[in-house]
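One structure below.
What's counted below: heavy atoms across the whole structure, side chains too, no hydrogens, waters or symmetry copies. Letters go in sequence order (proteins before strands), and every chain restarts at 1.
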There are 2 protein chains.
Amino acid sequence: MNFSIAEENYIKNIYHLQQQSELVNTNSLAYELQTKPASVTDMLKKLQIKNLLDYEKYKGFRLSSKGNKVAINIVRRHRLWEFFLVTKLGFEWDKVHAIAEELEHVSNQELIQKLDRFLNHPQTDPHGDPIPDGNGKMPVIHQLSMADVVEKKKVIVSSVGNQSPAILELLNHYHINIGTEIKINQRFSFDGSIEIKVGKYAACIISELVAKNIFVYHE
Amino acid sequence: MNFSIAEENYIKNIYHLQQQSELVNTNSLAYELQTKPASVTDMLKKLQIKNLLDYEKYKGFRLSSKGNKVAINIVRRHRLWEFFLVTKLGFEWDKVHAIAEELEHVSNQELIQKLDRFLNHPQTDPHGDPIPDGNGKMPVIHQLSMADVVEKKKVIVSSVGNQSPAILELLNHYHINIGTEIKINQRFSFDGSIEIKVGKYAACIISELVAKNIFVYHE
DNA sequence: ATTAATTTTTAGACAAATCTAAAAAAAAGA
DNA sequence: TCTTTTTTTTAGATTTGTCTAAAAATTAAT
Ligand SMILES: [Mn+2]
Ligand SMILES: [Mn+2]
Ligand SMILES: [Mn+2]
Ligand SMILES: [Mn+2]
């Protein structure tokens, strides 16, 4: 079955909101899609009719298992294209989201399968997020928030929680990218800030909020 | 300025029809777009308001110079993606048109510029059609119809006029592709058919209609 | 337990792109 | 030239996705 661009954007955003809370509510989806709650309600009805959504009036909603499969497929396309844009076309990692937002809607199965092979079946996108395989299986990425890492450890950046241009700008300033090696020097309990050393650059301090949004793995 | 997918499809198809006849008429565009003449008339009005079209009721229409620029840009995107699909993803040349038909509408300037560089600024798409550069300039491809080639000459296939699945199926059968070397053995005046030798395969005969649709260049 | 605030849904309208059926204009034929 | 046929346009309807304003349901506060 094939879905419109609008339907796909709704499905994908419901999926993302579900990662944070089991049930999704109308207002937060409207905010995410930059649209009005009334428009969301209209679309929810359509998605329910197509069996993509479990939805009870006024009670919130979640994707059905069918809807979940569709969502994961869109996420797969989005992240594969992001990987392509960065590794093949040389885009900066903070510039690819908007373009992938369009490319993800070209839903030819063979295209995505061949793109995946061309890219050598990447496990994570340029933001460190896992790329589901053709069967919808997410590769397990064992990562933890930098706010939880023990002192003196060396870690490697694997993903960024909040992907707003604002945080990406800040990370660029700190010379932090996916794959960057960081040493945790010291954690200050007063405000949760952390002194770190990035590569060969002088040690610096990041706020707790930033630390929480940087995901890393050991070794 | 940005255009909807529907608008872009109209603009591109008007452009292609103009290659064959100066003025375009409603019915042929409707046929090309697989839609109804009434729908075409509606869209023509919109395109005229946006200064993309020179249009006089009942008199036919042509792209304005602004419309022409937009069209060439869409053609550029379409052909670059086709080239990508064949050379990088390994698609057969007769399978890429439908996919490029969607990809062409992702209209990020930087994307196309970087894609072009990644592909090493290709001059022709997998069907031998020229790819306009970023300024809209078409590279000159000196090719002629195989129906006009002199006997005994060796030629190289550069493009195919009619790109229907039907002719592509036939060409595959003859082992003819873009870049294939063909020797013209003999032309039969009775029906305009031509005996040719394709690579190492046994000599065979193609109809005049096929010959007219195969474009080649010398040496 | 009422009242007030928030969230969600309905009602009704609108723009884009399409359609069918009918009218108008142009082209072709007698 | 005067019909007839073909082409093109209008009129009016439909579908998709959106909106505003108002009503209904839920949740929070007094
Ligand atoms: Mn999108
Ligand atoms: Mn991403
Ligand atoms: Mn298209
Ligand atoms: Mn082509």
Between A:E104 and A:R79, does any side-chain N to carboxylate O distance fall below 4.0 Å? no
What orientation do B:F84 and A:W81 show, parallel under 30°, tilted 30 to 60°, or perpendicular over 60°? tilted
I need the CD-P distance between A:Q48 and C:dT9, as an integer number of Å. 10 Å
At under 4.0 Å, does any side-chain N or O of B:N27 touch on OP1 or OP2 of D:dT8? yes
Rounded distance in Å - CG (B:L33) to P (D:dT8): 14 Å
Side chains of A:E82 and A:H78 only: does a donor on one sit below 3.5 Å from an acceptor on the other? yes
Using only side-chain N and O atoms of B:Y55, determine if any of them is under 4.0 Å from OP1 or OP2 of D:dT8. no
When you check the side-chain N and O atoms of A:H173 and A:E169, is any donor under 3.5 Å from an acceptor? no
Hey, does the side chain of A:T41 come within less than 4.0 Å of C:dT10's phosphate (OP1/OP2), counting only N and O? no
Verify the distance criterion only: is there a donor paired with an acceptor across the side chains of A:N177 and A:T180 at less than 3.5 Å? no
Under 4.0 Å protein heavy-atom contact, by nucleotide of nucleotides 12-26 of chain C - B base, S sugar-phosphate only: ----SBBBB---BSS
Separation of atom CD in A:E56 from atom C1' in C:dT9, rounded to whole Å: 15 Å
Would you say A:H121 and A:D133 are linked by a side-chain donor-acceptor pair, where the criterion is simply a distance under 3.5 Å? no
B:F61 atom CZ is separated from D:dT8 atom C1', nearest whole Å, by 10 Å
Whole Å only: how far is the CG atom of A:N9 from the C1' atom of D:dT18? 14 Å
I need the CG-P distance between A:N2 and D:dT16, as an integer number of Å. 15 Å
Expressed in angstrom and rounded to an integer, what is the separation of A:Y31 atom OH from C:dT7 atom P? 14 Å
